[in-house]
Amino acid sequence: MKKTIFTFIGLLLFINITAKSANIEWKSGKIITNQGDTIHGTLGYRNGVGDWSKCIFKENTSDPASTYMPNQIKGYIYDSGAYYESIILKINGLEIKCFAECLVKGTISLYYLEKNEREEFESYYSLNALDGKSAPIPAESKSYKHREKIKRTLWAIFNFNPKMEEYIKKMDYSRSSFVDLFKKYHDLTCSESVCITYQEPKYKSKFYITPYIGAQLNMTHYNASVEKESSKINNYTPLLGVNFQMNLNKKSDRKKLNFGLNVSQIKMGHDKEPVFIEDFKAIQIANNIGAEFQLMGHKIRPFFEIGLAQFLVFDIQNKNNTVLKNPITGDDDFYFKKTPFDTYSLGYYLSSGIIIPLKNDRAIPIKMTFAKYVFGAQNDNINLSIGYTFRLR
């Protein structure tokens, strides 16, 4: 049990460190120079870790990466829609020029700033195009006090427009509700013209499916006698399965939720100890649910996965008779027709491997998985698999 706990802690710490390191995901996009020129290429997306302080850009994929600070360019835009603009904002009492994510661009623009390299910080900002004044909007909305503060701030930002009061009361303080609120303000105040020049698109979740094949080593524990003496047999069997995946961050594939289902076989031959008169065979149907973490800054992406696993076992041949000695008389007088075997088990699994990206959101994953079952039947296993991933929508 202690080894299991340390394994979990070690893996989680490793994932946390790698997730916050330079895990760059290259996406198509463009930068806007201070002279107003647009240069197309690829941008290094880091999921908020450092995106506010610098822009990493390649005009060609074979070029070395260039780094731009907020005073060097006007901003950068991903082809998927995310727009970062270089503006001056007040952070912890200091005015800092940074790249803030633009959510709505208009008479009163809405920005979002996330700064989490050394300290956790996130806030929304409004920027009035008429007087150039910005106002911070607290991102916290858990307590009644915070929500009331946000309401008062928004009420003042919208110049106490009475038509906005009801919208402010009904908002749920999510990112999309802030975007909708600022859009409603422009719809009310710009009835004869369009004031919004940019609005953050609504990103959709991506869904993937990965059929795979492989080989599995089953470490099968079973009761060798009526006294429930435990024994173990190692057996190798083919593996056939499928994974369904959804990205947890709608802008990136670095974190995914996985749901898997696979089928394999368990075999215990008559030449194993204790002696079986006939073979034991069973079908194992297993499923898992877990989280996958990819390291995006590589052409071939390493990944790690952790989650829960369970299985059901259906025996298709179980007529084994084991000769047992009577512990009192010493005679061979105990026989039973079936090998006792629990049909259900629950545990955890750990996976590691590589993903070879292909065109059109397709990929070839190669991974090794260790499953440890701690409740019910103990049939731990290790498998090696290769699959083909393609996007459903």
Side-chain angles (χ1 to χ4, degrees), residues 1 3-4 7 11 210-243 258-290 304-325 332 334-354 365-388:
M1 182 59 72
K3 288 183 178 179
T4 301
T7 300
L11 184 64
T210 304
Y212 63 88
I213 59 173
Q216 182 163 281
L217 165 63
N218 295 300
M219 294 166 280
T220 306
H221 298 256
Y222 64 98
N223 295 328
S225 71
V226 292
E227 287 87 8
K228 295 186 177 180
E229 297 175 359
S230 180
S231 186
K232 183 179 76 169
I233 287 179
N234 294 337
N235 50 97
Y236 298 88
T237 60
L239 180 71
L240 182 66
V242 61
N243 278 335
N258 283 357
F259 178 82
L261 184 69
N262 66 67
V263 179
S264 60
Q265 191 180 56
I266 299 173
K267 295 188 294 184
M268 294 190 285
H270 62 274
D271 58 338
K272 304 295 182 181
E273 292 293 338
V275 176
F276 286 119
I277 296 176
E278 296 182 30
D279 291 343
F280 172 92
K281 294 181 181 179
I283 298 296
Q284 176 178 277
I285 300 176
N287 80 291
N288 60 272
I289 182 169
F304 308 90
E305 191 177 339
I306 184 171
L308 296 176
Q310 60 182 346
F311 72 74
L312 288 171
V313 172
F314 304 93
D315 56 340
I316 56 177
Q317 182 175 325
N318 190 358
K319 296 180 180 180
N320 301 306
N321 294 298
T322 305
V323 179
L324 298 173
K325 290 185 179 296
D332 295 340
F334 274 99
Y335 303 88
F336 52 89
K337 295 181 179 180
K338 286 192 175 184
T339 299
F341 198 91
D342 292 326
T343 59
Y344 173 79
S345 188
L346 175 68
Y348 68 90
Y349 73 96
L350 306 172
S351 295
S352 180
I354 59 171
I366 303 173
K367 72 175 177 179
M368 180 170 286
T369 300
F370 168 69
K372 175 70 176 178
Y373 296 97
V374 293
F375 299 104
Q378 296 183 39
N379 184 32
D380 306 334
N381 55 64
I382 300 174
N383 67 63
L384 179 65
S385 65
I386 182 170
Y388 182 75

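Numbering of residues begins at 1 and proceeds along the displayed sequence.
Considering CD1 of I382 and NZ of K372, their distance stands at 10.5 Å, rounded to 0.5 Å. Here the CZ-CD1 distance, from F314 to I283, works out to 10.0 Å after rounding to the nearest 0.5 Å. For the atom pair CG of N381 and OH of Y236, the computed distance is 12.5 Å after rounding to the nearest 0.5 Å.
Within 6.0 Å of OH in Y388 there are more than 12 heavy atoms belonging to other residues, nucleotides or ligands. Within 6.0 Å of the CD1 atom in I386, the count of heavy atoms belonging to other residues, nucleotides or ligands exceeds 12. Heavy-atom contacts from other residues, nucleotides or ligands closer than 6.0 Å to CZ of F375 number 12 or fewer.
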Could you walk me through whether N218 and Q216 satisfy the side chain to side chain contact (heavy atoms under 4.5 Å, CB included) test, starting with their C-alpha distance in whole Å, then the side-chain angles of each, then the deciding distance to 0.1 Å, before giving a yes or no?
CA-CA 6 Å; N218 295 300; Q216 182 163 281; 2.8 Å; yes

I would like to know whether I306 and Y348 meet side chain to side chain contact (heavy atoms under 4.5 Å, CB included); could you show each step before the answer?
CA-CA 8 Å; I306 184 171; Y348 68 90; 6.0 Å; no

Does the side chain to side chain contact (heavy atoms under 4.5 Å, CB included) test come out yes or no for N234 and L217, once each step is laid out?
CA-CA 7 Å; N234 294 337; L217 165 63; 3.9 Å; yes

Show your reasoning for whether side chain to side chain contact (heavy atoms under 4.5 Å, CB included) applies to K367 and S385.
CA-CA 6 Å; K367 72 175 177 179; S385 65; 3.7 Å; yes

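Of all heavy-atom pairs spanning Q310 and L346, the tightest one is CB-CD1, 4.0 Å. Of all heavy-atom pairs between Y212 and V242, the closest is CE2-N, 3.4 Å. Smallest separation of non-hydrogen atoms from L308 and Y349: O-CE2, 3.5 Å. Across all their heavy atoms, G347 and Y373 have their closest contact at N-CD2, 3.8 Å. Summarising the geometry of L261 relative to N243, their closest heavy-atom pair is N-OD1, 4.4 Å, with the distance given to 0.1 Å. Closest approach of L239 to S264, counting heavy atoms only: CD1-CB, 3.9 Å.
With hydrogens and angles disregarded, a donor-acceptor distance shorter than 3.5 Å links the side chain of T237 to the backbone of Q265.
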